[in-house]
Each structure stands twice: as C-alpha cells, then as structure tokens.
Amino acid sequence: MSTYALRRLFSSGKLKKVAIERLSEPLHLNLASVAVALFGSFRAKVAFDLVVRPQYAWPILHAADTAREYGIKHITIAEFGVASGAGLLNMCEIVRRVTASTGVVIDVVGFDSGQGMPPAIDFRDHPEAFQAGDFPMEFEKLRAALPSNARLIIGAIEQTIPDFVRQMTADRPLGFIAVDVDYYSSAVACLKVLTSSPDHYLPWLPVYLDDVTLKTTSRFCGELLAVDEFNDAHIMRKIAPFPVLRARRLFKNPIWIDQMFAAQIHDHPVRSANAKRLTARVIANEYVN
C-alpha cells in the first residue's frame, strides 16, 4: 500500500468509515484482501476496493472495458468540481493504471470555477451544507501537477459546458463523469454534458454523484433533483442507479455503490433496433445435446 493511501486512511473520518464498511464484510474476504493488496493485479485491487477512491477506479475501468468491447481505443472522462484537485490527480493515476491494463487511452478533463463555490440560489442548493467561497483552488500549482493527458477548464460551468459539448467527437467518446459540484444549480449545468450527439458517448456510462449522501438529501433538492429534471426533459437520455451493481461487487457495504448511477444513451447507434451483430447468440440445450 502506498504512503499516500496510508495517509488518507488515517486522515480525519476515513479510518472510521473504512472500519464500518470493511469490518461489516465477511472475514474471508478481508483476509483475502491482504494477499490482494500485497500481490494482486490492478484489476484485482479494483475488485477488492483496494484502490484509493474506488468510486473512480471501478467506473473508469468499466468505461475502458466497455470501450474495448466496441473497438473504441480512446475515450474521455470528466470531473465536475475539482476544488483542490486531489481527486483529479488521483483520477489521473487511476487512468494511467487502467490504460496499462486495457490499452484504452483516456483523456481527463476537470471543470471548476477556480474561485470556490458561488452563492446558493435557494434551499435546493443545500445552503445548510455549503456556502459561497467553499473549496477554492490553487490553479497554477494544480495545472503544473497534471499529466499531459489531463486539462482544466476554468470558469462558470454553465458557461464552459456548451463549448465543451460542441467540441465533443465520436473518436473520443465520453465514458464517465464524476459530479461533485454540491449545488443543485451547478448539477443542472453539469448534466448538459450529456446532450451531445449519441455517438459522442459510450452506449451507457457511469455517473458518480458525490453529494447524494448528505443528511438532508432528497429528490426535492441537490443532485437528485437535477437528475429528475434531466430525465423529465430528455426522452432518449436517462440517468438511473447502476443496475445490480451491489450484487456484482465482492464488498456490498461501501457507500460509493449508492452514489453510482448510469447515463443510458438510448439513441446510441448500437442500441438501435436496426443494429446487428456479426453472429447470432445461441443457447445450448443440454437435455437434447
């Protein structure tokens, strides 16, 4: 385990969170985790939630695997709400390891005002939890630390998203977005990134909603309200909890599973009724054969 992972583990609140999540899991899985942490592959560590920010590691690996399934060699992922940039830099490190594992090249884009949070518009922005000026950025230091495949887009999200959407292309489709903008009003602006041409995305892509775990979370404010309004406004694009994700994970209790959604691009070319595979699927009948 890296020194950075150890520092995060013993930072405020993290050790308690890990203890609650891991010690409530089966003993044999926790014992196996020790061997995986010491000797396991990157893919195994993602499966055992042993990568810093598993809420980024799993969806980025999932996006790369989906891209490879469709013969796509290059994708884009984005984080909305960069703040100090620790999450974005961690995302870049995960991308490096995912590319080494899958061969899929990944561009990383971070969106932030660069000025900290603006004033809340009303109760929908959770002013009981956030206020103007929270989470400022040291832009020059962060930009200097980014690798060549990552970039920052600085400015009010409602102003920067339209230009980004116009520049999206099918040869580098969007494969994952992390929404960590705290406010309902900012989340509404972020989700407009899902309104480009259908082939500018993977057929479905993970959407991480960071702020759906607040004590005051409901579908009447915050990111969940933004999702509901997006779904109401778009017939062929829907955001919903990621289907049976918990059942597919070895560890069932991490809170990030409940923060993971999927954007369903129903008008994507591969989801057309006219789309055809080269070979038909066949189910063997062991009672006959």
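Only a predicted model underlies this, so the values are computations on that prediction, with no experimental measurement involved.
By the 6.0 Å contact criterion, NZ on Lys238 is enclosed, its count of non-hydrogen atoms from other residues, nucleotides or ligands being greater than 12. At most 12 non-hydrogen atoms from other residues, nucleotides or ligands lie less than 6.0 angstrom from CD1 of Ile235. A 6.0 Å sphere centred on NZ of Lys252 holds more than 12 heavy atoms belonging to other residues, nucleotides or ligands. Heavy-atom contacts from other residues, nucleotides or ligands closer than 6.0 Å to CZ of Phe220 number 12 or fewer. More than 12 heavy atoms of other residues, nucleotides or ligands lie within 6.0 Å of CD in Glu25, so this atom counts as buried by the packing criterion.
In this structure, Leu224 is not a member of the same hydrophobic cluster as Tyr208, with clusters built from ILVMFWY side-chain heavy atoms closer than 4.5 Å.
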**Message:** Let's go through Arg271 and Gln264 carefully: what are the C-alpha distance in whole Å and the side-chain angles of both, what is the deciding distance for side-chain contact (heavy atoms from CB on, under 4.5 Å) to 0.1 Å, and is it a yes or a no?
**Reply:** CA-CA 10 Å; Arg271 303 182 79 165; Gln264 302 289 345; 2.8 Å; yes
**Request:** For the pair Asp210 and Val179, evaluate side-chain contact (heavy atoms from CB on, under 4.5 Å) and give the outcome as yes or no after the intermediate values.
**Result:** CA-CA 6 Å; Asp210 184 74; Val179 179; over 6 Å; no
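Counting only distance, with no hydrogens or angles, the side chain of Arg237 and the backbone of Ser196 share a donor-acceptor pair below 3.5 Å. Side-chain atoms of Glu158 never come within 3.5 Å of backbone atoms of Ala189 as a donor-acceptor pair (strictly under, hydrogens ignored). Using modelled atom types, no side-chain atom of His126 and backbone atom of Asp182 make a donor-acceptor pair closer than 3.5 Å. A donor-acceptor contact shorter than 3.5 Å is absent between the side chain of Thr99 and the backbone of Arg96.
For the residue pair Tyr184 and Asp125, the shortest heavy atom distance occurs at N-OD1, 3.0 Å. What you find for Leu202 and Ala63 is that their closest heavy atoms are CD1-O, 3.5 Å. Closest approach of Met168 to Val193, counting heavy atoms only: SD-O, 4.0 Å. Residues Val98 and Phe42 share a closest heavy-atom pair of CG2-CE2, 3.6 Å. Nearest heavy-atom pair across Pro206 and Gly175 is CD-O, 3.2 Å. When all heavy atoms are compared, the tightest approach of Leu209 to Val227 is CD1-CG2, 3.8 Å.
Residues Asp211 and Tyr183 form no side-chain contact, since every pair of their non-hydrogen atoms from C-beta on lies 4.5 Å or further apart.
Looking at Ser197 and Asp199, their side chains never bring a donor and an acceptor atom within 3.5 Å of each other. Side-chain contact of His74 with Asp107: a donor-acceptor pair under 3.5 Å is present, judged by distance alone.
Two rings, from His62 and Phe242, have their centers less than 6.0 Å apart.
The side chain to side chain contact (heavy atoms under 4.5 Å, CB included) with Trp58 is formed by just one residue from the set Asp49, Val51, Leu245; it is Leu245.
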